Amino acid sequence: MLTKIPKWNLALFVIIIAEIIVFGMLNPRFWNVTILLNSFNDFIAIAIIGFFVTLVVITGGIDISGGSIIGLTSVVTGLLSQVASLNIWVSIICAIFIAGLCGLLNGVLIAYGKVQAMVITLGGMLLYSGIAIVLVGMSGVSTYEGISGFSEGFSQIANGEVMGIPHAVLLFIIMFIIAYILLHRTRYGRYIYLTGINKNTAEYSGIHTKKIIASTYVLSGLSAGIAGVVLTSYLGSARSDYGAEYLMPILTVVVLGGTLITGGKGGVVGTALASIILGFMLIGLQMAGVSTQYIGLATGVLLIVSVAFLGINRDFRSNMKRIVTQKQNIGG
Amino acid sequence: MYRSASLIKQREFRTLLFLILLFVVVGFINSDYLSWQNIDKSLKSSLLFIVLAVGMTFVLLTGNLDISVGGTLGISAAVCGTILRDGGNIFLAVIAALLIGACIGLINGFGVIKLKISSFIMTLAILSITRVVQVIYTDGKWVENIPAHVKELSNLDIFGINLLSFIVIVGVIFVQLYLSKSSKGRYYTAIGDNADGAISLGIPVKRYIAYSFVISGVCASLAGLIFVSQIGFVSTNAGAGIELTVIASCVLGGVSLIGGIGTVVGAALGAIILTSINSALVYMKVPAFWNDTISGSLLIMIVVIDALLAFNASKKAKKVRLNARVLQKEA
């Protein structure tokens, strides 16, 4: 059984256990299950986007516009429901649809325009957060206070619970299952891997790589839209600057989860575990009395150490293999 | 004649044309924009970005990316600011800041070369670490009360041009000459264009990648010094998000993120364009919240047009090659 689980995921799992033990010893309140489950609310947005950015990264691209799509969705939801007084559910669907359109724009320009993913999503990041700010500015709503006054039903999206399990945890699991099935259990998922491993070969074997690449960006945009709605619901007001500081955590989660930034290798399970590690670390350090300003140090070191470990590990293994096989040749 | 034709074809020329167009169009709407004072001011406010873009170009040319410049800028500005505030020697402050920049560049280079971490991840991690180190160093406070003679340095004039602007422009020209004329300078382009080929030619690829990160770090701390002198105080989030603007201005100036293509002059022009847009909006009486939307859509448009042009050019070149082959056979 254990041999079936990739070693890296096992290591991540061990880190989670270690985190729970260490932070629990620093502050026994950390062992309270309710607090742990509720802490999911603090990193659910990062995790949701991380799942689908993993797909993008596996195709060999990168999507850094997720954070600003959160802000845009949040503002659109707020404006449609509060200022234009549409039904809240209709406005949520509109907002997520717009997030999908943002992803589509990214995807089409990257796949069909043959421009570097980094550049387009960088421009997209400026553009989408800019549109959010423009929308707020034109509607005359206060930028700092945001749009509030949402209905009870809307705030239940993030703050409610079913049988003692917070909605955030359920949403985490649902989005994880969707991403997992898409990537690991469907033909589409195999195509994503093939595109990432060798785009030309995939193209020659009849895969519409352009469509595959564009679709991953749409998925990533949609997930950012969902994250934006959840975050708005959790915090109770719509603001354009939500998600502005999420660029770093999202990429940390994806890379820490064992996905190669060059594409072709990785998985959603690792991303899920890594996001839990990151989330628990944030809450644990806060409980241990470390100021939130210092958390960047921990995530930065974690990122470097994990990636360095992954890289060195890979080289080490291939070197070992070469030495071993050479010896066998001599022996034979 | 041939020379002028090749000049027009160059990417930097198009960037310059765009910059001039921007000034003319905005000047048409509000003639104050074309005044010498405003041009001088635009140049002054873009100095920071020009210096950062020059450093970034070195890294981009080798095919890597440096996200940590904002953090480097912040921490070296903070260190330099504290030394000056406590009455320290100005040379000491400058040297300390430059050393910090070089050290951070070395760490980045070490991670990319020895630990084999992708430069994007490595510098992203260093960015978040340097931010925290800055907070620890300054104890979360702003560095204020920087002596007035330091602030005056940024306002000195020479031949009617701001002294700092003059130095930066001359510096950019020298760096450009180094990159395009000196054999060592060509190494950076060669590495980004074809790393394996560069190794075969005997270029010490790893060492030059490390150099590029050190240069970027030093440029970032130079920008930190300009920041201290121009702004006069250092907040805890000085330079936050500046790295993306710098990358955007490099891309606007025609530097390729894949490496091997681009010039320092182009990157500097890109930086001027991005900062001029902000002041142009003010002169056109457009609300400031349009800034990001316009910069973002401009970036996307220019990049896509560039890609299409490059695609067409390569198609045409292919056709020419093919035709030549056919002609040869016929003969």
Side-chain angles (χ1 to χ4, degrees), chain A residues 62 64-65 68 105-106 109 113-120 122-138 143 240 244-245 247-249 251-252 254-256 260-262 291 293-312 314-315, chain B residues 65 67-68 71 107 110-111 114-122 124-136 140 236-237 240-241 243-245 247-248 250-252 256-258 274 287-308 310-311:
Chain A
I62 197 163
I64 57 173
S65 66
S68 36
L105 179 67
N106 283 342
L109 290 179
K114 294 197 177 101
V115 192
Q116 270 238 308
M118 173 86 196
V119 184
I120 288 293
L122 173 65
M125 190 173 140
L126 286 173
L127 180 63
Y128 306 143
S129 64
I131 292 175
I133 296 170
V134 167
L135 285 177
V136 169
M138 302 242 286
T143 318
S240 58
E245 70 278 20
L247 164 64
M248 166 90 189
L251 290 172
T252 310
V254 173
V255 174
L256 188 60
L260 277 187
I261 199 85
T262 44
S291 160
Q293 280 177 319
Y294 301 138
I295 285 169
L297 192 66
T299 52
V301 171
L302 193 69
L303 192 60
I304 292 181
V305 169
S306 66
V307 180
F309 184 75
L310 268 179
I312 289 173
R314 196 176 58 236
D315 275 12
Chain B
L65 203 59
I67 312 268
S68 68
I107 296 172
F110 176 78
K114 293 287 175 194
L115 300 179
K116 302 215 166 94
I117 303 175
S118 117
S119 59
F120 183 63
I121 303 294
M122 181 69 200
L124 193 66
I126 291 293
L127 170 67
S128 71
I129 291 173
T130 44
R131 285 251 162 261
V132 176
V133 172
Q134 191 195 341
V135 170
I136 293 174
T236 43
N237 58 357
E243 50 280 339
L244 296 176
T245 319
I247 294 174
C250 284
V251 171
L252 269 183
S256 161
L257 284 196
I258 312 167
L274 269 192
F289 52 71
W290 282 94
N291 277 0
D292 281 356
T293 316
I294 290 174
S295 320
S297 41
L298 204 67
L299 183 66
I300 290 181
M301 263 176 351
I302 288 183
V303 166
V304 169
I305 290 171
D306 249 21
L308 290 180
F311 184 69

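Just so it is clear: chains get the letters A, B, ... in the order the sequence lines come, proteins before strands, and each one is counted from 1. This one's a predicted model, so the numbers in the text were calculated from it and none came from an experiment.
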State the [atom1]-[atom2] distance between [X] and [Y], to the nearest 0.5 angstrom.
X: A:S68; Y: A:L126; atom1: OG; atom2: CG; result: 8.0 Å
X: B:M122; Y: A:I261; atom1: CE; atom2: CD1; result: 14.0 Å
X: A:N106; Y: A:I62; atom1: CG; atom2: CD1; result: 12.5 Å
X: B:I300; Y: A:L109; atom1: CD1; atom2: CG; result: 6.5 Å
X: B:L257; Y: A:I120; atom1: CG; atom2: CD1; result: 10.5 Å
X: A:L256; Y: A:L251; atom1: CG; atom2: CG; result: 12.0 Å

* Asked: Based on non-hydrogen pairs under 4.5 Å, which of A:M138, A:K114, A:M118 is most in contact with chain B?
  -> A:M118
* With a 4.5 Å cut-off on heavy-atom pairs, point out which of A:T252, A:L247, A:I131, A:L122 contacts chain B the most. => A:L122
* chain A contact via B:I258 - side chain, backbone, both or neither, heavy atoms under 4.5 Å -> both
* **Which atoms of B:L124 approach chain A - backbone, side chain, both or neither, heavy atom under 4.5 Å** => both
Tell me, side chain or backbone of [X] under 4.5 Å from chain B's heavy atoms, or both, or neither?
X: A:I304; answer: both
X: A:M125; answer: side chain
X: A:L302; answer: neither

* Structure fact -> chain A shares the most heavy-atom pairs under 4.5 Å, among B:V251, B:V132, B:L127, with B:V132
* To do: Return the option, out of B:I136, B:T130, B:L308, B:I129, with the maximum number of heavy-atom pairs under 4.5 Å with chain A.
  => B:I129
* Donor-acceptor contact below 3.5 Å, side chain B:S119 vs main chain B:L65 -> yes
